[in-house]
Amino acid sequence: MTISTKYQPKEAEDKWYSYWMEHKFFRSVPDEREPYTIVIPPPNVTGVLHMGHMLNNTIQDVLIRRARMKGKNACWVPGTDHASIATEARVVAMLKEKGINKNDIGREAYMEYAWEWRHKYGGIILEQLKKLGASCDWDRTRFTMDEDMSEAVYDTFIHLYKKGWIYRGVRMVNWDPQGKTAVSDEEVIRKEVNQKLYYIRYQVVTSEFLVVSKNSNTHHSPLNTDYLIIATTRPETIMADTAICINPNDERYKHLHGKKAFIPLINKEIPIILDDYVDMEFGTGCLKVTPAHDLNDYELGLKHNLPVVDILNDDGTLNEKAQILVGEDRFAARKKIVPLLEEAGALEKIEDYKSQIGFSERTDAVIEPKLSMQWFCDMNEMAKPALDSVLKGDIKFIPDKFINTYRYWMENVEDWCISRQLWWGQQIPAWYLPDGQYVVAKTREEAFCQAKSLKSQISNLKSEDLTQDEDVLDTWFSSWLWPISVFDGFKDPNNEDINYYYPTNDLVTAPEILFFWVARMIMAGHEFRGQAPFRNVYLTGIVRDKIGRKMSKSLGNSPDPLDLIDKYGADGVRIGMLRSSPAGNDLMFDEEHCVWGRNFANKIWNAFRLVKGWQVDDALPNTNETAIEWFASRFSEALAEIESNFSQYRVSEALMSTYKLVWDDFCAWYLEMIKPDYQKPIDRETYDTTVAFFEDILTILHPFMPFITEELWHDEEIFGKRADLDCCIVAKMPEIGAIDTQLLKQTELVKEVIAGVRNIRQEKQLSPKEPLELRIKANSSIDYKQFKGIIARTANISDLQLVSEKLNDATSFRVANDELYVPLAINVDKDAEKERLEKEKEYLLGFLRSVEAKLGNERFVANAKPEVVEMEQKKKADALSKLQIIDHSLAGLAG
RNA sequence: GGGAGUUUAGCUCAGCUGGUUCAGAGCAUCUGCCUUACAAGCAGAGGGUCACUGGUUCGAACCCAGUAACUCCCACCA
């Protein structure tokens with residue numbers, strides 16, 4: 001036996017993953033078994049594996065492997081998301097390096113580049129998932145821009161348009177000046193930023209002057225000194241002001257009612273309007289109204305019929321409507337306008353100020369509220385069944401604390417801006433006639449047919465006169481269909497796959513995309529299939545570093561998952577991540593967790609080496625019945641725990657139960673109990689039973705640690721030659737067997753006996769190699785004869801005898817009501833012995849007092865459950881008899 | 001501003017129905033062991049005002065109220 005003392009994961013991982021793939025173990029096709037389905041949250045096609053993916057996909061793999069081993073038809077559908085903004089940003093950057101501008105080469109050529117890029121770099125992440133051991137049905141791999149998937153997007157767009165839930169209109173949207181596209185509310189990340197609050201003077205126009213100025217085309221500097229001060233964080237937008245607003249109840253400004261004021265620098269007249277929207281307490285109580293560049297101001301503008309002056313270009317630079325600083329970027333303009341205002345005497349003061357600013361999720365650019373023509377989806381109707389299914393419990397959230405936030409969002413759902421000013425994605429299936437009318441259709445031909453039947457004044461309309469909308473749809477507009485579209489539920493709504501796999505079982509994802517994605521999938525599920533898309537939503541936490549920061553590329557605090565797998569093995573990393581990550585809780589990641597995982601794999605490896613090294617002698621009798629019976633019971637007990645943990649999605653707990661069973665019960669106790677002496681053979685029955693136990697252990701470990709378990713499963717020396725396709729990955733999960741609780745309890749006490757002997761060794765500095773004698777004066781119901789062999793082996797006892805009298809010349813300890821004596825060659829230190837007994841006595845007396853206090857309390861006896869009272873009485877009796885024993889021993893020492 | 005969550009050993013976290021096993025696990029620390037499966041290991045030990053203050057209860061880490069700190073989500077205060 002020259003097998004390494006360390007488990008070497010690398011070889012096993014490559015070997016078994018290819019083996020599983022070759023033999024199609026991940027493949028699922030509908031059959032008579034019960035399905036168990038997970039659709040992967042499709043990662044960005046541009047993405048690389050990060051720690052969040054690791055956690056998320058490990059959980060999915062554990063669930064799917066477990067289901068497979070429980071006899072279900074397990075199907076895990078993988079795929080990627082086209083991530084329009086992120087991918088477009090990458091491709092544009094790539095082209096820029098080549099000196100190519102997207103707009104110069106046009107849409108078609110651009111898309112060719114983009115696809116080329118996608119084929120080259122896209123899907124790396126899926127290859128990385130394989131290293132983790134993800135048992136996805138790779139034959140089902142989908143991409144949200146696959147032809148079928150895109151068809152589904154067009155069909156659903158048309159469907160919703162016909163229902164009147166998709167419409168086009170000019171709205172205030174979140175504009176990303178870097179991506180030059182609109183983004184949805186959900187894609188705006190608010191962050192607190194240190195800013196400046198600029199106090200700017202606006203001259204008030206006197207009524208006499210007003211007349212003059214009305215008749216004059218030229219702007220005059222106002223002559224009077226009456227002015228008001230407005231606080232703003234965005235001085236560069238003053239040119240877009242169309243009013244000043246004050247609270248009608250504000251006594252300070254009563255004299256300004258009905259007047260007008262001049263915008264500084266450009267000296268444009270704007271009205272002073274009244275609205276109690278204005279907070280008198282904030283700033284100066286005067287608000288500049290800039291309808292084009294602020295959502296609230298826009299609403300205020302609508303209410304008061306104010307004109308809209310948009311002074312910004314799509315890229316965030318100032319346009320000619322600004323009159324000054326034209327062409328400057330909005331932030332440059334902000335800096336440059338300050339000295340201008342100062343010069344003009346219009347700057348009162350500048351204060352530091354903190355406020356929340358929106359950033360684009362994808363490009364991190366500061367979001368600009370901008371009026372533009374966009375497509376929207378009204379989700380009010382779809383939200384109703386989606387909310388119901390969660391409130392009724394048809395869909396469960398794990399943990400359920402997310403129901404509240406979900407509910408709030410669904411009850412206040414806003415229209416979804418679904419158009420993006422990008423090319424990478426599904427182009428909106430709307431077609432414009434030369435006169436600006438439009439029709440919605442999947443193809444030019446269909447659009448043309450519809451266009452002809454419009455009450456259009458256009459005669460001789462030709463198909464090529466139609467132009468398709470330039471914009472594409474939000475990526476989430478394809479991913480919300482994912483659980484249906486991966487099974488071709490749109491193309492062929494009655495096909496075998498969708499009927500069999502839908503609704504899926506579990507969805508494992510991050511709470512961050514609960515609204516982005518999960519809520520919308522639920523809506524789509526009800527709208528397009530009349531049924532929720534999944535039953536359980538397991539929400540993972542965020543992976544943070546050990547000082548609590550979110551792991552991110554920019555902070556550089558995220559380890560490369562592949563490096564970790566390299567260092568600790570995929571199994572080690574998997575269980576390292578799972579160890580302390582209950583659903584919904586953030587995970588403070590520390591490489592130490594992976595070390596722990598690796599060590600556990602190594603422990604299993606070495607336990608295996610031990611068993612592998614044994615020689616069997618068929619002539620030997622089995623002397624290990626008790627150990628075997630005990631472990632069988634313990635195994636069933638643990639299995640029940642694991643089952644219960646899984647049924648509540650306590651994956652970390654299930655792992656810990658498994659870990660304890662394997663390390664503590666199997667390795668530290670069971671194997672030590674039955675281990676034959678060095679170079680002595682083992683009996684057949686014990687050996688075979690142990691091998692069977694080992695097989696069961698591999699089975700329950702497999703979902704967590706697929707590689708090492710599969711590797712050991714195929715050891716011919718131990719398990720014999722396996723039949724074709726007899727693999728751990730499809731092994732049947734063991735059933736919970738009989739649990740002998742009496743035996744379990746007794747064994748726990750016997751362990752205390754063993755620990756007691758070990759303690760004495762420790763105290764007396766005796767080598768574990770030196771055998772000791774043990775005398776037991778048994779008063780409890782423990783059948784020591786039954787455990788004799790176990791105690792002898794694990795505590796290295798050469799001679800164990802039951803006695804009826806206590807021993808005086810021995811070190812003693814007590815377990816349950818039994819007295820245990822270890823006669824020692826050296827003299828027993830009577831003082832030390834006495835001291836120990838006194839200490840024990842003191843503790844027992846204190847304990848007894850508290851129990852008696854309870855029992856003496858009438859209300860306790862009257863109100864507590866009878867079994868609790870009974871327990872207390874038993875505790876009291878136990879304590880009393882122990883005290884008696886101790887007193888007896890003390891008396892013996894004295895004499 | 002609204003809502004949710006967290007607070008238990010030096011660190012990361014369990015503790016599920018209030019009551020044996022309730023104050024736990026792993027890591028870290030300390031002590032002793034290169035004991036023939038494993039030093040990535042073995043045998044032990046120390047370490048706690050269960051955030052704080054009240055309340056309910058025969059009984060509270062657990063239920064209730066309040067306080068504090070931290071975290072997250074949502075929200076338009078210029």
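Computed over heavy atoms, backbone and side chain alike; hydrogens, waters and symmetry mates excluded. Quick note on labels: first sequence line is chain A, next is B, and so on, each numbered from 1. Note that the coordinates shown come from a computational prediction; the quantities given were computed from them, not determined experimentally.
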Consecutive Watson-Crick or G-U pairs in runs of at least 3, all under 3.5 Å, in which RNA chain B is involved: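 Consecutive-pair runs (3 or more) involving RNA chain B: B:1-7 with B:68-74, B:10-13 with B:24-27, B:29-33 with B:41-45, B:51-55 with B:63-67.
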Tell me whether the OP1 or OP2 atom of [N] has a side-chain N or O from [X] closer than 4.0 Å.
X: Arg598(A); N: A40(B); result: no
X: Arg609(A); N: A37(B); result: no
X: Asn599(A); N: G41(B); result: yes
X: Tyr353(A); N: A78(B); result: yes
X: Trp669(A); N: A43(B); result: no
X: Lys675(A); N: A37(B); result: yes

Looking at [options], which one has an atom nearest to any side-chain atom of [X]?
X: Asn606(A); options: A78(B), A37(B), A45(B); result: A37(B)
X: His593(A); options: A43(B), U12(B), G19(B); result: U12(B)
X: Met871(A); options: G44(B), U20(B), U35(B); result: U20(B)
X: Tyr408(A); options: U35(B), C74(B), A14(B); result: C74(B)

Ion pair Glu770(A)/Arg761(A), N-O distance below 4.0 Å: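 Arg761(A) and Glu770(A): not salt-bridged.
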Salt bridge Glu368(A)-Lys370(A), side-chain N to carboxylate O under 4.0 Å: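 Result for this pair is no, no salt bridge flagged.
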[X] has an atom [atom1]; how far is it from atom [atom2] of [N], in whole Å?
X: Tyr7(A); N: A39(B); atom1: OH; atom2: C1'; value: 21 Å
X: Lys854(A); N: G59(B); atom1: NZ; atom2: P; value: 11 Å
X: Trp614(A); N: C38(B); atom1: CH2; atom2: C1'; value: 14 Å
X: Glu512(A); N: C74(B); atom1: CD; atom2: P; value: 10 Å

Under 3.5 Å donor-acceptor pair, Glu872(A) side-chain atoms to U20(B) base atoms: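 Under the 3.5 Å cut-off, the side chain and the base do not form any donor-acceptor pair.
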Donor/acceptor link under 3.5 angstrom from Asn863(A) side chain onto base of C58(B):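 Counting by modelled atom types and ignoring angles, no donor-acceptor contact under 3.5 Å is found here.
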Closest non-hydrogen atom pair, Ala654(A) against Ile642(A):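 Closest heavy-atom pair between Ala654(A) and Ile642(A): O-CG1, 4.0 Å.
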Sugar-phosphate only, base, or nothing, as touched by Cys245(A) at under 4.0 Å among non-hydrogen atoms: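 Touches nothing.
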